[in-house]
Amino acid sequence: MCGTGVPAMNLAQSLLAALRDHGAREIFGIPGDFALPLFKEIESSGVLPLYTLSHEPSVGFAADAAARLHCSLGVAAVTYGAGALNMTNAVAAAYAEKTPLVVLSGAPGQHESRTGLLLHHQAKTLDSQALIYREITCDQVRLDDARQAPALIARALASCRRESRPVYIEVPRDMVGAPCAAVVPLPPQAHDAEALAACVAEILARLAAAERPVMMVGVEVRRHGLEDKVAALARRLRLPVVTSLLGRGLLANSDAPLAGTYLGAAGTPEIAGLVEESDALLLIGVIVSDTNFGVSRERIDLRQTIMALDGRVTLGYHTYPEIPLAALIDALLARAAQSARVCAVTPPAYPHGLAADDSPVVPRDIAIAINDLMSAHGRMPIAADVGDCLFTAMEIENTDLVAPGYYATMGYGVPAGLGVQAATGRRPLILAGDGAFGMTGMELGHCARYGWDPIVVVFNNAGWEMLRTFEPAAAFCNLGEWNFAEIAQALGGAGVRVRTRRELRDALAAAHGRRGRFQLIEVMLARGAISPTLARFVAGAKRLSAGARHCFPLPRGEGLRVREVDSPRVQNHVETQ
Ligand code: S1T
Ligand code: MG
């Protein structure tokens, strides 16, 4: 407060300081007239760097990726209506994959809201946007009273961190400059120490009694910054570790006994057997989804598992509510004695040594060529889009990977790669199919002004190949052949088109040696040429959709019930009452 008792900051400055204090490191955004005052404050205050892109879905994807690599908040700032509603798919993806994303939306001022006129960018009512965002965020606040604003901001940011889900903050444009007190962060969520102790004792007893215990790690381990502690716990308990599909890349920089990624029938029989034959499967932060479990060869009886997710722990038919994952891992580490169990894990073998000949490239060659590149020059973070490029990535060395492995939206790869480089300064590898690149690839045009220089590999099979594997006769999956290498030049980067393994190897080496501009390698793939992982995934999904009865009975305790499905859609509908 300055001497007159009037707060020294305005509302926008208080909000920005709070975002920084809660772990945000940058803002991605696209302004509009309802957001101009907020963007002017973002730029003039310099509290957080601002990166603008061309299309709001990209803003959401970039902020999502930054949050994942920071293990902290990502921030996406947009205008009201056309901006915020354009970004809903990216925010839904963040919600589904538990990314702590803060949505800042400009909004009409109070005076104009009372004119009775329909305002531009207004859909149904002036509240419609906030109502829509209620479905894809865990908390929503409107800052229309500067006296309430600090408490509302503190609540929303605490919800975002605690739930590791997006939150929505609406900033009426006539409130940005209002004098406002600083935000006082809320204390961490309390938990019941006795319940935690009982839960830890039961988990350790269950694991000690098991003959084939296995740990599977998922996204919450990354979101809450727990990788090192979880790796230490796996070593202490001598548990073999696998990641879920969505958790791929976790523990990549640790010495945990990591066996690889569980992909059910789409993965290796060894890992599928390790998981599906376990008598104590410890799921830490794993989203129980079809893409993580959908093509399990055998039915996994989740009632036999220990599931720590969404701030609660479920064992068999009972649940310990309100057990924050960080508190659980700390308590397990404090109580667990060094196990004498023998834990023989064969680390996953990733293919290397591309035969640099004149054979046409197939997707697996791309994984081999990237593995060779990273063996020679060190691992790079990867941003992968949806399509066969994501399945191909399963054969790339374990490295930091951001991808919508569960929500499975296209358009993620390029903006997420830009978010990775903005957030970490590390040069990313971006993998995208021609279809997905067509959605957000143009964002590469922003690289020059921000000094970003990703290496972009476009899998050009002239169509939606992943869908073609399910519907081979579908002409609607054909996209025609675009020339992405030439587009790269126009966007300020360098582009090359390759068809043979030799050309691919040489193009990657040349791209790696060139900094300062993005390097696009357009790999021409024959129609029908798919990765072995995608082929197994499709075969597994088709087998299951052939009427196979498939369900994952979830514990029926604590408000969880499952509707068994034997329909082609291998889905689990876990509904909380
Ligand atoms: N629209 C969006 C935004 N996301 C999606 N996931 C889809 C549609 C459906 C979809 C897939 S996979 C796929 C589509 C259209 C084709 C991807 O084509 P491309 O990027 O060229 O990659 P590839 O040729 O390797 O398949 C998922 C299954 O729903
Ligand atoms: Mg394609």
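Just so you know, ligand 1 is whichever comes first in the structure, and atom 1 is the first atom listed for that ligand. Everything numeric here is computed off the predicted structure, so don't read it as measured data.
For Asp434, the N/O/S atom at the shortest distance from the Mg ion (ligand 2) is named OD1.
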List ligand 1's nitrogen or oxygen atoms that come under 3.5 Å of a protein nitrogen or oxygen, with the partner atom and distance.
from: ligand 1; atom 1: 4 (N); to: Met410; atom 2: N; distance (Å): 3.0
from: ligand 1; atom 1: 6 (N); to: Ala408; atom 2: O; distance (Å): 2.8
from: ligand 1; atom 1: 20 (O); to: Gly435; atom 2: N; distance (Å): 3.4
from: ligand 1; atom 1: 20 (O); to: Ala436; atom 2: N; distance (Å): 2.8
from: ligand 1; atom 1: 21 (O); to: Asp434; atom 2: N; distance (Å): 3.4
from: ligand 1; atom 1: 21 (O); to: Asp434; atom 2: OD1; distance (Å): 2.9
from: ligand 1; atom 1: 21 (O); to: Gly435; atom 2: N; distance (Å): 2.8
from: ligand 1; atom 1: 21 (O); to: Gly463; atom 2: O; distance (Å): 3.1
from: ligand 1; atom 1: 24 (O); to: Asn461; atom 2: OD1; distance (Å): 3.1
from: ligand 1; atom 1: 24 (O); to: Asn461; atom 2: ND2; distance (Å): 3.0
from: ligand 1; atom 1: 24 (O); to: Gly463; atom 2: O; distance (Å): 3.0
from: ligand 1; atom 1: 24 (O); to: Glu465; atom 2: N; distance (Å): 3.0
from: ligand 1; atom 1: 25 (O); to: Asp388; atom 2: N; distance (Å): 2.9
from: ligand 1; atom 1: 26 (O); to: Glu465; atom 2: N; distance (Å): 3.4
from: ligand 1; atom 1: 26 (O); to: Met466; atom 2: N; distance (Å): 2.8

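Between Tyr51 and Trp452, the ring-plane angle classifies as tilted under the 30° and 60° cut-offs. Using a 30° and 60° split on the angle between ring planes, Phe437 and Phe484 fall in the perpendicular class, above 60°.
Using a cutoff of 4.0 Å between basic side-chain nitrogens and carboxylate oxygens, Asp310 and Arg165 are scored as salt-bridged. Using a cutoff of 4.0 Å between basic side-chain nitrogens and carboxylate oxygens, Arg223 and Glu220 are not scored as salt-bridged.
The side-chain heavy atoms of Phe537 and Thr469, taken from C-beta on, include no pair separated by under 4.5 Å.
In this model, a donor atom of one side chain and an acceptor atom of the other lie less than 3.5 Å apart for His352 and Ser375.
Rounded to 10°, the angle that OD1 of Asn461 and O of Gly463 form at the Mg ion (ligand 2) is 80°.
Counting all heavy atoms, side chain and backbone alike, Gly405 lies closest to Leu245 at O-CD2, 3.7 Å.
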